[in-house]
Amino acid sequence: MAVNSLCLVIWTAIVTSRMNAQPLTDRQKLNISDPIFSELCVRTHNYHRSRVTPPASNMMYMTRDETLAKVAQDWASKCIFSHNPSLQIPYKLHPSFRTVGENIWKGSTALFSVENAIQMWVGESKYYSYQTNQCNGCGHYTQVVWAKSYKVGCASNTCQAGTEIIFVCNYGEAGNVVGRRPYQKGTPCSSCPGKKCLSNLCYGVRESPKEPDSE
């Protein structure tokens, strides 16, 4: 899709194999105000953003955005396994972001956890070449590690009489701009003037990020 020459490549994933996972509790399935769910979504994104190969010189630390979380909640509640058509409309979904990115995961409730869903997206890194900037089915991964996507909001919902989960994350600003690499390689944080650095991620003075897992 294109918005004033910015072409956004947005992808979906469907899970067909079993993995170790802990299903969400009932209160976490669509409750974007649940602090455990929200923190886990942000922390897991930052964990993977801080460990890209080659390393990134301009990778921003992600923080949660309430508006994006509500956008994700609204779309997840519809149980539609395709992208929100309003993503194509400038400033339609967020007053501060002209474009909004989106990743969607769908699978059985027994398979779902936030970590596993995001790991499935990140696992697409094997289909991406930073050197050539060629991507073959890796749009989830490149959105997760898009350096300038510094805000995220996620939600999940049970569908199909409770047998399936749809997990949606929306990003500001949107990633996957055709022709651009997701980040600039180099010494971590070296291309973030005026920013502080924590675990290879740049963040503003007013933000208070938590240290990503060291494992």
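Side-chain atoms are counted along with the backbone in the values below, which use heavy atoms only and exclude waters and symmetry mates.
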Counting C-beta onward and ignoring hydrogens, is there a side-chain heavy-atom pair between Phe112 and Trp105 closer than 4.5 Å?
yes

Any side-chain heavy atom of Glu124 within less than 4.5 Å of one from Val144?
no

By side-chain hydrogen bond (donor to acceptor under 3.5 Å, both in side chains), which residues pair with Ser191, not counting sequence neighbours?
Ser57, Gln184

Pairs in or reaching into residues 174-197: which pass ring-ring contact (aromatic ring centres under 6.0 Å, His included), with residues at least two apart or in two chains?
Tyr130-Tyr183

Value rounded to 0.5 Å, distance of CD1 in Ile89 from OG1 in Thr99:
13.0 Å

Of all heavy-atom pairs between Asn157 and Ala76, which one has the smallest distance, and what is that distance?
ND2-O, 3.1 Å

Would Leu111 and Asn116 satisfy side chain to side chain contact (heavy atoms under 4.5 Å, CB included), going step by step from the backbone distance to the final call?
CA-CA 8 Å; Leu111 297 180; Asn116 283 340; over 6 Å; no

Gap between atom CD1 of Ile166 and atom CH2 of Trp75 - 0.5 Å precision:
9.5 Å

Could you check whether Arg64 pairs with Glu66 (Lys NZ or Arg NE/NH1/NH2 to Asp/Glu carboxylate O, under 4.0 Å)?
yes

Using the side chain to side chain contact (heavy atoms under 4.5 Å, CB included) rule, pick out the option among Leu68, Thr67, Val100 that qualifies with Leu93.
Val100

Quick one: do Ile80 and Val168 end up in the same hydrophobic cluster if we chain Ile, Leu, Val, Met, Phe, Trp and Tyr together by side-chain heavy atoms under 4.5 Å apart?
yes

When you measure from the SG of Cys202 to the SG of Cys197, is the result less than 2.5 Å?
no

Mind checking the CZ-OG spacing from Arg43 to Ser38? Nearest 0.5 Å is all I need.
12.0 Å

Hey, mind stepping through Thr163 and Thr109 against side chain to side chain contact (heavy atoms under 4.5 Å, CB included) and telling me if it holds?
CA-CA 6 Å; Thr163 63; Thr109 54; 5.6 Å; no

So, for Ser96 and His94, which heavy atoms are closest and what is the spacing to 0.1 Å?
N-ND1, 3.0 Å

For Asn58, the side-chain hydrogen bond (donor to acceptor under 3.5 Å, both in side chains) test, sequence neighbours excluded, returns none

Residues Arg181, Tyr128; criterion side chain to side chain contact (heavy atoms under 4.5 Å, CB included); working and verdict:
CA-CA 10 Å; Arg181 287 180 169 84; Tyr128 176 71; 3.8 Å; yes

Reported CG-to-CD distance for the pair Asn170 and Gln73, which is rounded to 0.5 angstrom
11.5 Å

Suppose we screen for side-chain contact (heavy atoms from CB on, under 4.5 Å). Which residues come up paired with Asn200, at least two apart in sequence or across chains?
Ser50, Pro188

Contact list for residues 163-174, test salt bridge (Lys or Arg N to Asp or Glu O under 4.0 Å), sequence neighbours left out
none

Residues at least two apart in sequence or cross-chain that pass salt bridge (charged side-chain N to carboxylate O under 4.0 Å, His left out) with Lys78, listed by chain then number, are Asp74

His48: partners by side-chain hydrogen bond (donor to acceptor under 3.5 Å, both in side chains), with sequence neighbours left out
none

Under 3.5 Å, is there a donor-acceptor pair between the side chain of Arg51 and the main chain of Tyr47?
yes

With sequence neighbours excluded, what pairs up with Cys169 under the side-chain contact (heavy atoms from CB on, under 4.5 Å) test?
His45, Trp121, Val152, Cys154, Phe167, Tyr171

d(Ile118 CD1, Thr44 OG1) to nearest 0.5 Å is 4.5 Å

Check: Gly153 main-chain N/O paired with Asp65 side-chain donor or acceptor under 3.5 Å
no

Which residues share a side-chain hydrogen bond (donor to acceptor under 3.5 Å, both in side chains) with Ser149, sequence neighbours left out
Gln143

Partners of Cys41 by disulfide (SG to SG under 2.5 Å), sequence neighbours excluded?
none

Is there side-chain contact between Trp146 and Val177, with at least one heavy-atom pair below 4.5 Å?
yes

Set of side-chain contact (heavy atoms from CB on, under 4.5 Å) partners for Ser129, sequence neighbours left out:
Gln131, Thr132

For the OG atom of Ser113 and the CG atom of Leu40, what is their distance to the nearest 0.5 Å?
7.5 Å

Can a donor-acceptor pair be found, under 3.5 Å and without considering hydrogens, that links the side chain of Asn103 to the backbone of His140?
yes

By side-chain contact (heavy atoms from CB on, under 4.5 Å), which residues pair with Thr187, not counting sequence neighbours?
Ser190

Please report whether the SG atoms of Cys192 and Cys189 are separated by less than 2.5 angstrom.
no

If you look at every heavy atom in Gly101 and Ala174, which pair is closest and at what distance?
N-CB, 3.3 Å

Side chain to side chain contact (heavy atoms under 4.5 Å, CB included) for Ile104 and Glu102? Distances and angles first, verdict last.
CA-CA 7 Å; Ile104 304 178; Glu102 184 173 85; 3.5 Å; yes

